[in-house]
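A short write-up of the structure that comes next.
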Number of protein chains: 2
Amino acid sequence: MAIQRSKSIAEQVNVILRQRILDKTYAPGDRLPPESVLAREFGVSRATVRSALARLDVEGLILRKQGDGTYVNERLQEVNTHLGGLWEFTQLIESSGYQPAIKPLAAIYRAATEREALTLNLEPESNVLSLDRLFLADEQRVIYAQNVLSADLLQNASDDIDASLHIRDFMKIYCNRDIAYAISQICAVLPDDAARKILNRRAGLPLLQLNITFYDRQNAPLLTGVSYLDDSVLNLRLVQAWG
Amino acid sequence: MAIQRSKSIAEQVNVILRQRILDKTYAPGDRLPPESVLAREFGVSRATVRSALARLDVEGLILRKQGDGTYVNERLQEVNTHLGGLWEFTQLIESSGYQPAIKPLAAIYRAATEREALTLNLEPESNVLSLDRLFLADEQRVIYAQNVLSADLLQNASDDIDASLHIRDFMKIYCNRDIAYAISQICAVLPDDAARKILNRRAGLPLLQLNITFYDRQNAPLLTGVSYLDDSVLNLRLVQAWG
DNA sequence: TAGTGGTCTAGACCACCCT
DNA sequence: GGGTGGTCTAGACCACTAC
């Protein structure tokens with residue numbers, strides 16, 4: 001878990017508060033100390049504390065009541081992800097209580113399909129790297145992900161690519177690119193035989209299909225892919241705070 | 001460009017900027033004026049402008065680049081929702097380019113099922129109001145929603161309930177309750193015959209199923225339901241900004 | 001009424017990108 | 001260097017809730 005970009009003060013406060021909620025220093029249903037008290041404790045301004053609390057609010061971890069106080073949401077034991085974490089498959093698996101693992105199935109260079117070239121803004125038939133990966137939750141097969149990126153993006157075109165990395169780390173290490181946002185389409189499908197067998201799924205049962213394309217800050221498409229998610233194992237529970 | 005004091009200033013600035021993006025005053029790919037200029041134009045502080053821009057950023061409508069500027073995301077024509085709008089079905093339909101309509105199918109009182117009583121924190125067999133509604137997109141049937149709430153919540157227990165309201169307005173008008181957040185589960189299912197026929201769907205085709213429960217700020221469950229979504233008509237396209 | 005979160009301000013400094 | 005967004009501060013007032 002090498003993210004460690006808790007650089008800003010607000011982010012650090014966020015981490016501390018989250019930890020206190022998780023280890024029940026602030027127990028479920030409890031009222032947190034007022035923002036002014038937290039600000040004094042951490043030696044920061046109230047605005048900084050509010051910035052940290054805002055994230056916890058969006059995730060549903062806390063409930064804020066004007067004129068009253070801020071409370072730990074006691075209903076979040078059963079929820080395994082908030083909306084922002086939808087595309088972090090390993091994190092999704094982990095927060096469902098499983099041990100995540102990524103098993104690379106294939107990493108091959110080939111010509112782009114028409115759809116891929118269009119999505120990635122490439123010339124037809126351009127050379128792309130195709131990554132097939134299987135996500136495991138406690139040895140159970142839960143997500144089958146097929147991703148494609150332009151071969152031109154790869155800087156260290158070594159032959160031994162570590163396809164078990166998080167997609168974000170993969171893009172950073174091999175392409176020196178940062179993912180800024182993603183556009184996705186979610187639908188229900190009956191998987192083809194290949195996907196069905198890889199996920200060890202009985203015929204006739206539907207799966208969730210996620211078509212995801214990642215972009216960088218310059219709005220250049222970096223990577224596109226199709227993922228199949230077995231929702232019989234992985235409960236996709238989301239919490240969404242109301243604006 | 002008068003700023004009214006009714007809603008928050010940041011919200012009004014947000015609406016104005018969103019409008020300018022939609023009507024192409026700020027065209028796709030364009031750089032927005034700097035925050036300091038916007039602050040001066042609206043006569044507000046830079047923090048307020050930033051608060052307004054933050055929402056547009058989360059929705060993917062703009063891309064912010066440190067040291068450079070803020071740009072209109074030119075890739076958002078095809079996206080019909082951001083994650084926060086997932087549970088606003090009419091808004092979802094509207095932003096897909098269709099005319100939304102809610103057709104009430106049934107509004108009956110009955111005893112709660114075991115699952116419903118558990119979810120809503122009710123005594124077994126409590127009296128509940130069951131609302132069956134069909135969402136139309138340009139006359140096409142796209143979402144079939146079955147919702148249930150405790151009969152005790154209804155204050156004006158009139159016989160003529162308007163079930164064509166948005167669920168948020170419904171809770172406000174008939175129960176005087178505000179929805180604070182929702183916990184949902186999303187999965188792919190083969191619908192039973194009833195749901196299949198209501199949505200006019202061929203047999204054997206999967207649908208998206210959303211199990212949603214709404215809560216208020218006091219963390220009391222207000223309403224729970226199951227919705228079936230026809231993703232062949234309604235493309236569920238989401239944009240998710242990366243933290 | 002006292003205390004809470006919600007909002008807004010004015011100003012400061014930093015990190016980063018451009019030329 | 002000059003300008004941009006990113007962060008943080010100190011202080012103010014408002015809206016709401018509990019008592």
Side-chain angles (χ1 to χ4, degrees), chain A residues 5-17 26 30-58 61-73 176-178 180-181 216-220 241-243, chain B residues 3-17 26 30-58 61-73 176-178 180-181 216-220 241-243:
Chain A
R5 54 172 167 208
S6 59
K7 179 170 57 94
S8 77
I9 299 178
E11 176 61 17
Q12 296 174 50
V13 172
N14 174 284
V15 169
I16 293 175
L17 292 176
Y26 304 142
D30 273 9
R31 181 161 70 172
L32 267 63
E35 297 172 348
S36 54
V37 172
L38 290 174
R40 219 175 312 130
E41 177 193 341
F42 295 122
V44 302
S45 74
R46 194 181 144 219
T48 302
V49 170
R50 283 184 61 75
S51 169
L53 288 171
R55 297 196 187 194
L56 300 175
D57 191 24
V58 168
L61 222 53
I62 57 174
L63 293 170
R64 318 181 75 177
K65 307 182 195 176
Q66 187 175 12
D68 183 358
T70 301
Y71 293 81
V72 178
N73 191 344
N176 195 30
R177 300 292 192 109
D178 287 305
Y181 73 101
D216 65 12
R217 281 266 153 224
Q218 277 65 46
N219 223 342
W242 218 265
Chain B
I3 303 281
Q4 307 292 331
R5 208 76 192 181
S6 53
K7 292 287 183 183
S8 79
I9 299 178
E11 175 61 19
Q12 296 172 54
V13 172
N14 173 285
V15 169
I16 293 174
L17 293 176
Y26 303 141
D30 272 10
R31 181 163 69 174
L32 267 64
E35 297 172 349
S36 55
V37 172
L38 291 174
R40 219 176 310 131
E41 177 193 342
F42 295 123
V44 301
S45 75
R46 193 181 144 218
T48 302
V49 170
R50 282 184 61 75
S51 168
L53 288 172
R55 296 196 187 196
L56 299 175
D57 190 24
V58 168
L61 222 52
I62 57 174
L63 292 170
R64 318 181 75 177
K65 307 182 193 175
Q66 187 175 12
D68 183 357
T70 301
Y71 293 81
V72 178
N73 191 345
N176 195 30
R177 300 291 193 110
D178 288 304
Y181 72 101
D216 65 11
R217 281 267 153 223
Q218 277 65 45
N219 224 340
W242 219 263

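We name chains A, B, ... by the order of the sequence lines, and we start the count at 1 in each one.
- Residues satisfying the side chain to side chain donor-acceptor pair (under 3.5 Å) test with B:Glu11, not counting sequence neighbours, are B:Arg55.
- Residues meeting the side-chain contact (heavy atoms from CB on, under 4.5 Å) test with A:Val37, sequence neighbours left out: A:Pro33, A:Pro34, A:Arg40.
- With sequence neighbours left out, B:Asp68 forms a side-chain contact (heavy atoms from CB on, under 4.5 Å) with B:Arg31, B:Lys65, B:Tyr71.
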Between protein and nucleotides 1-9 of chain D, map the contacts as a letter string: B base, S sugar-phosphate only, - none, heavy atoms under 4.0 Å, written 5' to 3'. --BBBBBSB
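- Rounded to whole angstrom, the span from the CZ atom of A:Arg40 across to the P atom of C:dG3 amounts to 12 Å.
- Residues meeting the side-chain contact (heavy atoms from CB on, under 4.5 Å) test with A:Arg50, sequence neighbours left out: A:Glu35, A:Arg46, A:Arg64.
- In terms of the side chain to side chain donor-acceptor pair (under 3.5 Å) criterion, B:Ser51 has no residue partners (sequence neighbours excluded).
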